[in-house]
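Below, each value reflects all heavy atoms present in this structure, side chains not excepted, and no hydrogens, waters or symmetry copies. Remember, predicted model here, so these are calculated numbers, not experimental data. Remember, it's 1-based here, ligands and their atoms both numbered in the order they're listed.
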Amino acid sequence: MKRTTVKEALASAGPVDPILVQGWVRTRRDSKGFSFLEVNDGSCLKGLQVIVDAALPDYAHIQRATTGASVAVTGSLVPSKGQGQKWEVVAKTLAILGEADATYPLQKKGHTLEFLREIAHLRPRSNLFGAVFRVRSRLAYAIHQFFQSRGFVYAHTPIITASDCEGAGELFRVTTLDAKAPPLREDGAVDFTQDFFKKKAFLTVSGQLEAEVFACAFSNVYTFGPTFRAENSHTSRHASEFWMIEPEIAFCDLAGDMDLAEEFVKALIRDVREHCAEDLEFFAKFVDKELLTRLDFVLERPFVRLSYTDAVDILLNSEKTFEYPISWGTNLQSEHERYLTEEHFKSPVTVYNYPKEIKPFYMRLNDDGKTVTAMDVLVPGIGEIVGGSQREERLDVLLDNMRRHGINEKDYSWYVDLRRFGTVPHAGFGLGFERMLMFVTGVGNIRDVIPFARTPGVCEF
Ligand code: 4AD
Ligand code: MG
């Protein structure tokens with residue numbers, strides 16, 4: 001018999017006989033002459049109620065159908081007499097596929113998120129994490145749909161790389177050298193020419209530079225893959241391994257880039273609003289009461305756009321005392337970003353034209369000679385969700401920028417070549433996948449939207 005998922009069963013147009021349902025027992029309630037099982041198989045938030053008559057031969061092993069046990073039930077799907085569900089299954093047979101004894105950690109509700117992180121191998125079976133990871137899956141699909149439907153080419157950029165796109169030096173080294181006795185050069189430094197790639201290699205922090213190569217051939221491209229940062233940030237918004245979506249568009253300037261970022265963020269919200277309605281309602285009930293109002297608010301209005309200089313003025317004129325003082329030329333800290341988006345504008349905000357000193361080498365220099373065409377999208381509750389820019393397409397200015405950042409032109413000759421051969425204005429951005437997921441679920445810690453989170457000091461599972 002073909003298996004019916006719980007989701008299919010609950011959405012059934014009519015009774016089904018016979019039906020086969022398989023899943024994990026969430027709860028069991030015994031009453032006189034019957035037992036009620038709630039069976040969940042992850043296909044949706046809700047479980048399916050199964051009624052097992054004490055007169056059935058298989059009732060002999062009902063005591064083994066404990067919370068966490070896996071079961072296979074055959075029977076018939078009939079309209080439910082009880083409240084809260086349209087359909088239920090009256091069992092004919094019940095098989096216990098795998099028992100779960102009283103040490104199964106998800107016995108009752110009310111575990112802390114910290115505890116659930118320690119059992120990341122079991123937490124997907126809880127309501128909260130079931131919902132989070134279903135939304136994560138849908139969001140990934142919506143991202144591909146957004147770009148594919150607009151003719152963008154999906155580019156696979158390398159995970160192992162020799163370049164440092166963001167220039168922040170937050171790189172994880174990839175090496176096969178003996179950590180205890182690496183080969184040394186005469187000056188005592190490690191001789192990386194004897195390493196696996198005959199040079200220093202790292203896990204990528206961004207696929208942007210390679211995406212630019214593809215944009216200068218296919219016009220509109222995007223990447224969607226894992227990125228890695230050896231950044232010692234212990235916050236609820238930073239992970240050492242996270243996924244990023246990086247569109248790169250040829251023949252596009254900063255304004256076009258900001259338009260695309262806004263359209264993209266809104267399209268993703270709209271998609272999960274429509275396709276993950278049940279899971280989002282769960283978040284709105286148990287995680288963040290304001291969630292749906294906030295998502296709809298974001299959909300309805302244009303994002304506020306303002307220059308970095310104007311943003312600094314607003315911060316300087318605010319009554320607020322910040323932990324990090326702000327002045328023109330310093331980076332916006334998370335507290336500043338959140339003030340702008342949560343308190344001042346109460347709306348998503350796109351800040352653009354940042355001082356060149358605090359931004360990477362690839363951003364296009366503005367005519368003022370002081371700022372570059374950077375832009376960040378900030379959203380309430382999180383702060384920065386998107387970072388992007390128009391790229392420096394002028395060969396001489398790019399070489400200048402590289403010199404200023406102490407970057408060796410030879411190491412990036414392929415990147416510079418794009419400006420030698422048919423250069424075009426182009427722009428792009430990176431959306432942090434997990435930050436977007438936090439935004440659409442209301443979940444407050446990035447560790448809880450990643451199946452197996454990697455953060456400083458933590459690499460379990
Ligand atoms: O602002 P970032 O560093 O920009 C880039 O990497 C550019 N190369 C993107 C581009 O223009 N193609 O990172 C982009 C986004 C951030 O806005 C944030 O959402 C997310 O990536 N992000 C992180 N998410 C989780 N953990 C971290 N440690 C993150 N660092 C950045
Ligand atoms: Mg950034």
Report task. Just let me know how Phe429 lines up against ligand 1, side chain, backbone, both or neither, with a heavy-atom cut-off below 4.0 Å. Result -> backbone

Query - Which residue and heavy atom of the protein sit nearest atom 12 (N) of ligand 1, plus the separation - result: Glu246 OE2, 2.7 Å

Requested in this report: Can you pull out the closest protein heavy atom to atom 15 (C) of ligand 1? Residue, atom name and distance to 0.1 Å, please.
Outcome: Gly430 O, 3.6 Å

Requested in this report: Check the side chains of Glu409 and Tyr415 for a donor-acceptor pair under 3.5 angstrom, ignoring hydrogens and angles.
Outcome: no

Requested in this report: Could you check whether the rings of Phe147 and Phe264 sit parallel, tilted or perpendicular, using 30° and 60° as the cut-offs?
Outcome: tilted

Query raised in the report: Does Glu170 reach ligand 1, in the sense of a heavy atom lying below 4.0 Å from it?
Result: no

Query raised in the report: Which residue supplies the protein heavy atom nearest to atom 28 (N) of ligand 1, what is that atom called, and how far is it?
Result: Ala239 O, 3.1 Å

Query raised in the report: Does an N or O from Glu231, backbone or side chain, lie closer than 3.5 Å to an N or O of ligand 1?
Result: yes

Query - Test side chain to side chain contact (heavy atoms under 4.5 Å, CB included) applied to Phe196 - qualifying residues, sequence neighbours left out - result: Thr176

**Report entry** Heteroatom distance test (Leu431, ligand 1): nitrogen or oxygen, under 3.5 angstrom
**Finding:** no

Query raised in the report: Is a side-chain donor-acceptor pair under 3.5 Å present for Gln148 with Tyr222?
Result: yes

Query raised in the report: Which of these, Lys7, Arg125, Arg3, sits in a side-chain hydrogen bond (donor to acceptor under 3.5 Å, both in side chains) with Asp41?
Result: Arg3

Query raised in the report: So which heavy atom in the protein is nearest atom 11 (O) of ligand 1, and how far is it from that ligand atom?
Result: Arg391 NH2, 2.9 Å

Query raised in the report: Do Arg419 and Glu212 meet the salt-bridge criterion of a basic N to acidic O distance under 4.0 Å?
Result: yes

**Report entry** Tyr362: numbered ligand 1 atoms lying under 4.0 Å from its heavy atoms
**Finding:** 7 (C), 8 (N)

Requested in this report: Please identify which atoms of ligand 1 are closer than 4.0 Å to at least one heavy atom of Gly388.
Outcome: 11 (O)

Report summary line: among protein heavy atoms, the one nearest atom 22 (N) of ligand 1 is Phe242 CE1, 3.5 Å

Report summary line: Among Gln208, Glu212, Arg229, the residue with a heavy atom nearest to atom 6 (O) of ligand 1 is Arg229

**Report entry** Whether His405 and Phe361 hold their rings parallel, tilted or perpendicular, with breakpoints at 30° and 60°
**Finding:** perpendicular

Query - Residues Glu392, Arg394: salt bridge by 4.0 Å N-O rule - result: yes

Report summary line: The N/O/S atom of Glu384 lying closest to the Mg ion (ligand 2) is OE2

Query raised in the report: Looking only at heavy atoms, is any part of Thr227 under 4.0 Å from ligand 1, and if so is it the side chain, the backbone, or both, or is it neither?
Result: neither

Query raised in the report: What residue and atom, counting heavy atoms only, is the protein's closest point to atom 17 (O) of ligand 1, and at what distance?
Result: Glu384 OE2, 2.6 Å

Query raised in the report: Would you say the side chains of Glu246 and Ser206 form a donor-acceptor pair under 3.5 Å?
Result: yes

Query raised in the report: For atom 4 (O) of ligand 1, what's the nearest protein heavy atom and its distance?
Result: Glu166 OE1, 3.8 Å

**Report entry** Closest approach of any protein heavy atom to atom 14 (C) of ligand 1, naming residue and atom
**Finding:** Met244 SD, 3.3 Å

Report summary line: Partner of Glu434 under side-chain hydrogen bond (donor to acceptor under 3.5 Å, both in side chains), picked from Arg237, Arg136, Arg447, is Arg136

**Report entry** Contact check: Asp376 to the Mg ion (ligand 2), N/O/S below 2.8 Å
**Finding:** no

Query - Numbered atoms of ligand 1 (with element) below 4.0 Å of Ile446, judged on heavy atoms - result: 25 (C)

Query raised in the report: Given Asn353, which of Thr309, Thr373, Asp310, Asn366 fulfils the side-chain hydrogen bond (donor to acceptor under 3.5 Å, both in side chains) condition?
Result: Asn366

Requested in this report: Run the salt-bridge test on Asp448 and Arg117 with the 4.0 Å N-O cut-off and return the result as yes or no.
Outcome: yes

Report summary line: ligand 1 atoms nearer than 4.0 angstrom to some heavy atom of Arg237 are 25 (C), 26 (N)

Query raised in the report: Heavy-atom contacts under 4.0 Å between Tyr222 and ligand 1: side chain, backbone, both, or neither?
Result: neither

Query raised in the report: Polar-atom distance check: Ile385 versus ligand 1, any N or O pair below 3.5 Å?
Result: yes

Query - Whether over 12 other heavy atoms sit under 6.0 Å from Tyr141 OH - result: no

